[in-house]
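Below: one structure, written as structure tokens.
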Amino acid sequence: MTPKEVLALAKAKDVKIIDLKFCDIHGSWQHFAIPFTALNEELFEDGLGFDGSSIRGWQSIEASDMLVMPDPRTAFIDPFVEVPTLGLICDIEDPITREPYSRSPRGVAKKAEEYLKATGFADAAYFGPEAEFFIFEDVRYQSGANESFYAVDSSEGIWNTGREEFPNQAYKIRHKEGYLPVPPADKHMDLRNEMVLTMQDLGLTVEAQHHEVATGGQCEIDLRFDTLLKMADQMCIYKYVVKNVAYRAGKTATFMPKPLFGDNGSGMHTHQSLWKKNKPLMAGDGYANLSQMGLWYIGGLLKHAPALCAFCNPTNNSYKRLVPGYEAPVTLAYSARNRSAICRIPMYNASPKATRVEFRCPDPSANPYLAFAALLMAGLDGIENKIDPGSPVDKNLYDLPPEEAAKLSYVPDSLRGALEALKADHEFLLKGEVFTEDFINNYIKLKMAEYNEIRLRPHPHEYSLYFDA
């Protein structure tokens, strides 16, 4: 859409409010609203000012003025606001230099697409994330100097088989047995359908929705692949829809990777492929029908995987999921069909257009702009330097003999480990100034503060282990 078309849409829908949304470093949407009377074509060129120092990890207070620059191509009618409201996703600019703000995640994603074209390897990178989430009916938590607890509840949870529900109709989902059950065990079919229909109304293309493996309301809705920036925008809309539809139904949705102990966490397996002049580049006559370019792309992902975890698995909680035995891959290996390898080549469809690489490490707490950009840069580094991914591993990597397992490499087991890997290995991200040293250093500082917040606090389970020491 053009600015003129956005104005026409707003008038046609009798819009009263314009909501300007942008993504912070942590992957959260921020917003402020203006009346429709303040919307004109000049706004898309001039932008609107806001306080950048109040956004986590952005400007310092002495240089707080920033501009939001609405992207007319992202306009949508917000279905969750009572007053007719048009939403616009925005870029961020410095008001003095009018340069894109280097700490803006959406700006990083745009530069990654520009760098891809500059390499000449391809002109489009397609991403297809499979984001999982939990739906709970009740969530309570507290963390203080003298107490700490959390409690979540779900009508599907196996822990509720004995609860007095008057009547308790059973149909609870056992641990690790939640993949694809029908109602009444799957109690969120109608809710997911509403999410799907809402996403479609907002222009997203949905491929499938279903219950996921864990008990307690784990779900998945899959979007059809799209180019990097468009898909990152769509993932922000996706989360917005999931959370608001659940909230409107009196429930709550979370993309926290590991909210339950003893069952699968939520991942965001990310499918990737490169194209040039509308022709797929990943397909060939190599292993699993991959081209040499596809194999080198995997080589880049495997080489830089520990550093990629800083963006693809950016929370302390992420590493509660990255443990063997829960479908979350931790081994730096690639394989066809094998879901225990961090890189998988799906074999559902052998056509060249469907040939792609699935990176199974990410989780949905990731900022999609940063995660997708970092993955692309790692893959391109693999192509540029012709990085050999080694031999594929077609065994169950969770069940290897100790002598074989000792020969393999693994992802970091903590947020600190991922950040240390990023500090040591980020030259590939600086190419084309997609990421900058300032961005990397600032990001590591922010995330180390998160790591320390957990490190300094006693854990409730430590009382079970150590109170009588």
Side-chain angles (χ1 to χ4, degrees), residues 79-80 128-140 150-202 204-224 234-235 237-269 271 320-321 325-328 339 346 348 358 360 362-365:
F80 303 110
E130 300 176 355
E132 299 165 349
F133 55 92
F134 280 84
I135 296 172
F136 296 123
E137 276 91 48
D138 187 60
V139 178
R140 291 172 289 121
Y150 72 89
V152 299
D153 205 2
S154 166
S155 56
E156 292 182 355
I158 190 64
W159 55 83
N160 280 325
T161 54
R163 186 171 67 175
E164 294 182 351
E165 295 180 349
F166 305 107
N168 189 326
Q169 295 177 289
Y171 295 112
K172 314 300 183 188
I173 294 175
R174 289 180 286 272
H175 287 294
K176 294 194 175 187
E177 294 187 21
Y179 189 61
L180 308 186
V182 298
D186 177 3
K187 294 176 174 56
H188 300 310
M189 176 70 171
D190 289 333
L191 199 61
R192 291 196 307 273
N193 283 341
E194 184 180 348
M195 293 171 181
V196 167
L197 295 176
T198 304
M199 290 177 189
Q200 289 180 326
D201 287 344
L202 297 181
L204 277 62
T205 302
V206 178
E207 291 193 327
Q209 62 94 340
H210 57 84
H211 202 285
E212 256 300 336
V213 173
T215 188
Q218 191 182 33
C219 302
E220 180 178 316
I221 299 175
D222 297 332
L223 301 180
R224 181 173 174 78
Q234 289 180 30
M235 280 307 302
I237 296 173
Y238 175 107
K239 287 187 173 184
Y240 186 64
V241 169
V242 167
K243 290 178 180 178
N244 277 283
V245 169
Y247 184 75
R248 194 162 58 183
K251 303 178 188 294
T252 185
T254 179
F255 291 91
M256 183 178 177
K258 189 77 169 183
L260 297 179
F261 168 68
D263 212 333
N264 281 26
S266 291
M268 189 176 71
H269 309 147
H271 299 251
K320 304 287 194 298
R321 168 182 169 263
Y326 290 94
E327 262 197 44
R339 294 174 186 269
Y348 299 121
E358 177 190 5
R360 294 177 57 79
D363 67 59
S365 69

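Residues take their numbers from the sequence shown, with the count starting at 1.
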> Do side-chain atoms of Lys251 reach the backbone of Lys243 as a donor and acceptor pair under 3.5 angstrom?
Replying inline: no
> Within the distance-only criterion (no hydrogens, no angle test), does the side chain of Lys320 pair as donor or acceptor with the backbone N or O of Gly265 below 3.5 angstrom?
Replying inline: no
> Are side-chain N/O atoms of His271 and Glu130 paired as donor and acceptor at under 3.5 Å?
Replying inline: yes
> For the residue pair Phe133 and Tyr238, does the interplanar ring angle fall in the parallel (under 30°), tilted (30 to 60°) or perpendicular (over 60°) class?
Replying inline: perpendicular
>> I need the Lys187 NZ to His211 NE2 distance, nearest 0.5 Å.
In response: 8.5 Å
> Would a distance-only check, ignoring hydrogens and angles, find a side-chain to backbone donor-acceptor pair under 3.5 Å from Lys172 to Ser155?
Replying inline: yes
> When rounded to the nearest 0.5 angstrom, what distance separates OG1 in Thr215 from CZ in Arg174?
Replying inline: 10.0 Å
>> Please confirm whether the ring centroid of Tyr240 lies under 6.0 Å from the ring centroid of Phe80.
In response: yes
> What is the distance from atom CG of Leu191 to atom CG of Asp186, rounded to the nearest 0.5 Å?
Replying inline: 10.0 Å
>> For the SG atom of Cys219 and the CD atom of Glu156, what is their distance to the nearest 0.5 Å?
In response: 6.5 Å
>> Are the side chains of Leu260 and Phe136 in contact, using a 4.5 Å heavy-atom criterion?
In response: yes
> Looking only at heavy atoms, what is the nearest atom pair of Gly178 and Pro181, with distance?
Replying inline: O-CD, 2.8 Å
>> For the CZ atom of Arg248 and the OG1 atom of Thr198, what is their distance to the nearest 0.5 Å?
In response: 6.0 Å
>> I need the single residue from Glu132, His210, Gln209 that forms a side-chain contact (heavy atoms from CB on, under 4.5 Å) with Ile221. Which is it?
In response: Gln209
>> Under a 3.5 Å cutoff, is there a donor and acceptor pairing between the side chains of Asn160 and Asp153?
In response: yes
